[in-house]
There are 2 protein chains.
Amino acid sequence: MVTSAAPKASFKEKMLQVREDAIILAVNRLLAEKGFEAMTVDAVAAEVGIAKASLYKHFPSKEDLAAAAMVAVMGRAQAFLDSVPGDVPPLERLRRVVAWTMRAKLDGEMPFLPSQHSGLRRALLGNAQYVAGLANVSARLTGWIAAAQAQGAIHPGFAPNVVLYTLYARACDPVLEFLQMDGVYSDDEIVSLVLATCFNGLAAR
Amino acid sequence: MVTSAAPKASFKEKMLQVREDAIILAVNRLLAEKGFEAMTVDAVAAEVGIAKASLYKHFPSKEDLAAAAMVAVMGRAQAFLDSVPGDVPPLERLRRVVAWTMRAKLDGEMPFLPSQHSGLRRALLGNAQYVAGLANVSARLTGWIAAAQAQGAIHPGFAPNVVLYTLYARACDPVLEFLQMDGVYSDDEIVSLVLATCFNGLAAR
DNA sequence: GTCTATAATCAGATAGAC
DNA sequence: GTCTATCTGATTATAGAC
């Protein structure tokens, strides 16, 4: 695996980076489509158009492939957080993050990892970039949650972690797929509906 | 596989039924613990204490094993629906069903099946008992949802299916595991918290 | 029906030439 | 680094004796 922090990347190194990006893109797509267990390394190699052995020169294991995809997701998430204007109220900021997450899932761009798989857990926790990215995103979201609660916009009875987990869970919410399969809603409508159930609840107000 | 509708079961048939129940129990537990892909037929046989080949005399494939477990779940769900008193208001009835589902998950009794696995889908849809059970549960819940909406207890803007999917999704909500891993909440508190986010939403009221 | 033993297949990972 | 070809182990499923 090539470090992406090379100060002066040569042409060869750039080509390598491009290839690794292609690999990660393929992994991301297959992970979103089939999940970790059902994604085969053969399929990844086929999608990238290289030999399986070449994959293993870049990433030492299937778990590391998935971890690399998650690092990329964390990078995109951080970029999105950066893109939210600072003058937007905290609650609305949280809504936008959830909407962004759900849209990514609807577009088949959200990897789906089993939280039980022990080898995968080790690979993720052993990946400093992933851990740092997740910590950064969590810390920033927790700040927004606290701010929203201070404004009385989020129910104060929920510990910040409860809110955080509930937001994260939208990234693997099967309701999105169910509604998509029903075929009667556009993606925008689905996002809007799940956003409403998530923040306003099922009960009438 | 032995039909459970035998009008006059002999001793031998009863023993067979007991064994199949034991198999289904083991499958249910392993499915809840590891998910479908990570559950091996060897592990099932080992847990039941019989040879793997014997398993295949009862169920022709791994998919059929999972389907049998889901039939059992549907049976338990129908029994629970029956147990809810008729004079309980519809919204409270829905809350109890969700609470029951989440408690089953927290107790490691809720099988986790990948909705993508095509062979599994075929096995499930080819199982008349499962399809009938799912349809029955869905129809009854839909009735309760409509009643709750008629009373103004559930937001009328949600189509019944949206509500139904949202309730079903609690059976595989990762928030439950996250909170359980945090270790600061009892199971009762977890159920109460997720029930609150589900019906009342994250936003303050 | 249950068992032991084995087939058949598939997927993760590697060897070694170029 | 990339390739072809292969190894290794795990897993689903079955044969055949009892």
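These numbers come from the heavy atoms of this one structure, side chains and all, not from hydrogens, waters or symmetry mates. Order of the sequence lines sets the chain letters (A, B, ...), proteins ahead of strands, with each chain counted from 1.
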For residues 116-124 of chain B, tabulate all N or O donor-acceptor pairs below 3.5 Å that involve a side-chain atom, not counting sequence neighbours.
residue	atom	partner	partner atom	Å
His117(B)	ND1	Gly119(B)	N	3.4
His117(B)	ND1	Leu120(B)	N	3.0

Strictly below 4.0 Å: does Ser54(B) bring a side-chain N or O up to OP1 or OP2 of dC3(C)?
yes
Phe59(A) atom CZ is separated from dA13(C) atom P, nearest whole Å, by 14 Å
When rounded to whole Å, the NZ to C1' distance for the pair Lys62(A) and dT14(C) reads 17 Å
Rounded to whole Å, the CG-P distance (Leu55(A) to dA15(C)) equals 17 Å
Residues in residues 33-53 of chain A with a heavy atom under 4.0 Å of DNA chain C, by number, are Met39(A), Thr40(A), Val41(A), Lys52(A), Ala53(A)
Quick one, Pro111(A) and Phe36(A) - any side-chain contact, counting heavy atoms below 4.5 Å? no
message: Strictly below 4.0 Å: does Lys57(B) bring a side-chain N or O up to OP1 or OP2 of dG1(C)?
response: no
Separation of dG12(C) atom C1' from Leu120(A) atom CG, nearest Å, is 15 Å
Residue pairs passing the side-chain hydrogen bond (donor to acceptor under 3.5 Å, both in side chains) test with at least one member in residues 69-86 of chain B, sequence neighbours excluded, are Asn28(B)-Arg76(B), Gln78(B)-Asn136(B), Asp82(B)-Arg140(B)
Requested in this report: Classify the side-chain pair Ser61(A)/Tyr56(A) by whether it contains a donor and acceptor separated by less than 3.5 Å.
Outcome: no
Here the distance between atom C1' of dG12(C) and atom NE2 of His58(A), to the nearest Å, is 17 Å
Phosphate oxygens OP1/OP2 of dA13(D): is one of them under 4.0 Å from a side-chain N or O of Tyr56(B)?
yes
